[in-house]
Amino acid sequence: MKIPSALLNSLLNLKGFDNEAFEKVHQSGEQNTSIRFNTGKIPAALQASVCGEGFEGAGISPVPWSTNGYYLSARPSFTADPLFHAGAYYVQEASSMFLEEVMKQSTDGTKDIKILDLCAAPGGKSTLIQSVISGKSLLVSNEVIKTRVAVLMENITKWGAPNVVVTNNDPKDFQRLPNFFDIIVVDAPCSGSGLFRKDPKAIDEWSEKNVALCSGRQQRILQDVLPALKEGGILIYSTCSFSVEEDEDICDWLTKTHQLSAIRYQLKSEWNIIETTSPETSAYGYRFYPDKLKGEGFFIASFRKGQTGNAPGPEGKAKEKWERLSSKEMEVVKPWLKNGDDFFYVRQHEEVIALSIPMEKELALIRSALYIKKAGVKLGAIIRNELIPAHDLAISTIISRDIPCVEADKETALQYLRRQEIKIDPASTGWLLITFQQIPLGWIKALPNRFNNYYPKEWRILNR
Ligand code: SAM
């Protein structure tokens with residue numbers, strides 16, 4: 001693996017950069033695999049045993065700066081693990097998991113907040129954010145590129161939480177919601193030098209010209225979205241690039257041209273994360289070098305927006321409310337949920353959606369300003385006083401555990417996920433949740449002489 005010399009030369013005088021070790025770790029062929037558990041599905045106490053069984057005994061060790069993140073000693077076939085499809089964990093690069101620490105050190109996790117993940121697909125940071133915020137907080141997970149929204153929706157649906165909204169908007173569209181979000185995360189598109197080990201093809205696309213292009217684009221994105229951040233709110237900015245133009249120089253630009261002050265974090269020395277300061281304004285930033293820690297190249301910095309005390313909120317008229325369910329209809333859906341009173345229920349295109357109660361007012365504003373692709377958890381359609389349950393409900397974290405289940409072994413679970421015929425012995429007929437290690441995978445309908453497999457066609461495992 002030949003790292004571009006222009007990149008190496010640009011890094012020579014940076015704090016913490018060790019040219020020899022950096023080149024060596026890129027030549028070593030070493031690959032790290034890490035996952036982060038979904039505590040909505042696998043609580044901390046069960047994570048170790050699930051790791052043991054699910055990853056065929058591959059050794060695991062915790063990611064030092066993460067509560068639910070683990071390194072796996074070998075890369076298993078995730079496609080062949082039913083728990084992967086069930087949203088029990090997300091495969092995420094370890095350095096990125098430091099976002100948890102940044103959020104914990106800069107905000108009060110018990111407060112209910114509104115947070116925007118602006119560049120969200122495929123959903124790694126959004127799933128992490130959802131696990132860190134309170135259950136009554138609201139996460140808007142946005143992706144501007146249409147073709148990348150489907151994978152984001154799939155990952156958010158599998159994560160299963162009722163307090164996430166997925167939107168498909170350009171950063172400047174968020175100016176329709178001035179001073180609205182408590183936190184904005186911008187995990188910016190970048191030149192990608194931090195991921196050379198994972199994706200060696202990225203080396204061929206790297207050039208100084210592209211670094212300059214990315215840096216300009218990062219400024220435009222930040223400039224466009226910053227009005228949507230509340231006064232006193234927090235901007236978190238990250239890249240997977242080593243280039244100063246995309247990292248510390250952006251921090252300088254932010255502190256010079258916007259009313260922002262950089263936040264400093266407490267680091268444990270054994271993490272080997274390098275704290276840097278930007279050349280002009282000494283804004284703090286955090287660099288992850290793959291020769292110093294078990295993770296890929298990453299940069300993160302965060303800032304607090306200044307207070308003028310007179311910033312106006314969103315002016316737009318809230319869209320009229322979604323159609324609410326009648327109390328009779330609510331009685332139909334509530335038994336399907338763990339805590340049915342914790343939600344409000346609306347109908348959209350014949351389907352019922354459950355949303356966290358505190359979100360109603362904010363959602364009306366978001367609906368007036370943005371293009372919503374998905375909100376909360378889709379429960380299904382009510383037909384003749386019965387719920388025809390949606391797949392989203394089956395794999396959500398809000399489903400009642402009193403719903404009849406049938407536990408599958410691994411082979412049967414994989415057959416189900418391929419949408420093949422399955423052979424099991426259910427105790428009853430009707431809608432049944434098929435589970436693997438007690439985690440729901442989806443619906444089957446048991447008829448007297450056969451089962452119908454309701455796994456979504458577009459998500460099925462192909463060619464296995
Ligand atoms: N946060 C994601 C995660 O953790 O899974 C990864 C995000 S990736 C580094 C950057 C994202 O920015 C991509 O999804 C890309 O489609 C999006 N993007 C590209 N150009 C953009 C633009 N001009 N404005 C906003 N987002 C953009």
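Whatever order the structure lists ligands and atoms in, that order sets their numbers, starting from 1. Predicted model only: the values in this text are computed from it and were never measured.
Looking only at side-chain heavy atoms (C-beta outward), R418 and L414 come within less than 4.5 Å of each other. Between L116 and N142 there is a side-chain heavy-atom pair separated by less than 4.5 Å. Residues S134 and T110 have side chains not in contact (no heavy-atom distance under 4.5 Å, counting atoms from C-beta outward). For the pair E154 and E458, the minimum side-chain heavy-atom distance is 4.5 Å or more. In this structure, the side chains of V244 and S10 stay at 4.5 Å or more apart for every pair of heavy atoms. In this structure the side chain of K136 never reaches within 4.5 angstrom of the side chain of N163, judged on heavy atoms.
Under the 4.0 Å criterion applied to side-chain N and carboxylate O atoms, D187 and K125 are assigned as salt-bridge partners.
At a heavy-atom distance under 4.0 Å, atoms from both the backbone and the side chain of K125 approach ligand 1. Contacts of I145 with ligand 1, taken as heavy-atom pairs under 4.0 Å, involve the side chain alone. Residue-level proximity to ligand 1 for C190 is absent, since no heavy atom of it falls below 4.0 angstrom.
Ring pair W65/F288: centre-to-centre distance below 6.0 Å. Here F180 and F174 keep their ring centres 6.0 angstrom or further from each other. Here the two rings, on F17 and F22, have centers that are under 6.0 Å apart. Taking the centre of each ring, F242 and Y289 come in below the 6.0 Å mark.
Given atom 18 (N) of ligand 1, the protein heavy atom at minimum distance is P189 CG, 3.8 Å. Distance from atom 11 (C) of ligand 1 to its nearest protein heavy atom, with residue and atom name: C119 CB, 3.6 Å. Closest to atom 22 (C) of ligand 1, if we only count protein heavy atoms, is I221 CD1, 3.5 Å. Scanning the protein heavy atoms around atom 3 (C) of ligand 1, the nearest turns out to be G124 N, 3.5 Å. Annotation: atom 10 (C) of ligand 1 to nearest protein heavy atom, D187 O, 3.5 Å.
Short contacts between ligand 1 and P122, defined as distances under 4.0 Å to a heavy atom of the residue, involve ligand atoms 5 (O). Below 4.0 Å from some heavy atom of V144 lie the following atoms of ligand 1, by number and element: 21 (C), 22 (C), 24 (N), 25 (C), 26 (N), 27 (C). The atoms of ligand 1 that sit less than 4.0 Å from any heavy atom of A120 are 1 (N), 2 (C), 3 (C), 5 (O). In the vicinity of R148, heavy-atom distances shorter than 4.0 Å reach the ligand 1 atoms 13 (C), 14 (O), 15 (C), 16 (O). Here is the list of ligand 1 atoms found below 4.0 Å of a heavy atom in A188: 9 (C). Below 4.0 Å from some heavy atom of E143 lie the following atoms of ligand 1, by number and element: 13 (C), 14 (O), 15 (C), 16 (O), 17 (C).
For ligand 1, the polar-atom distance check against A121 finds a nitrogen or oxygen pair separated by under 3.5 Å. Checking only distances, Y90 never comes within under 3.5 Å of ligand 1, N or O to N or O. The shortest N or O to N or O distance between D117 and ligand 1 is not under 3.5 Å. At a 3.5 angstrom cut-off on N or O pairs, L118 does not count as close to ligand 1.
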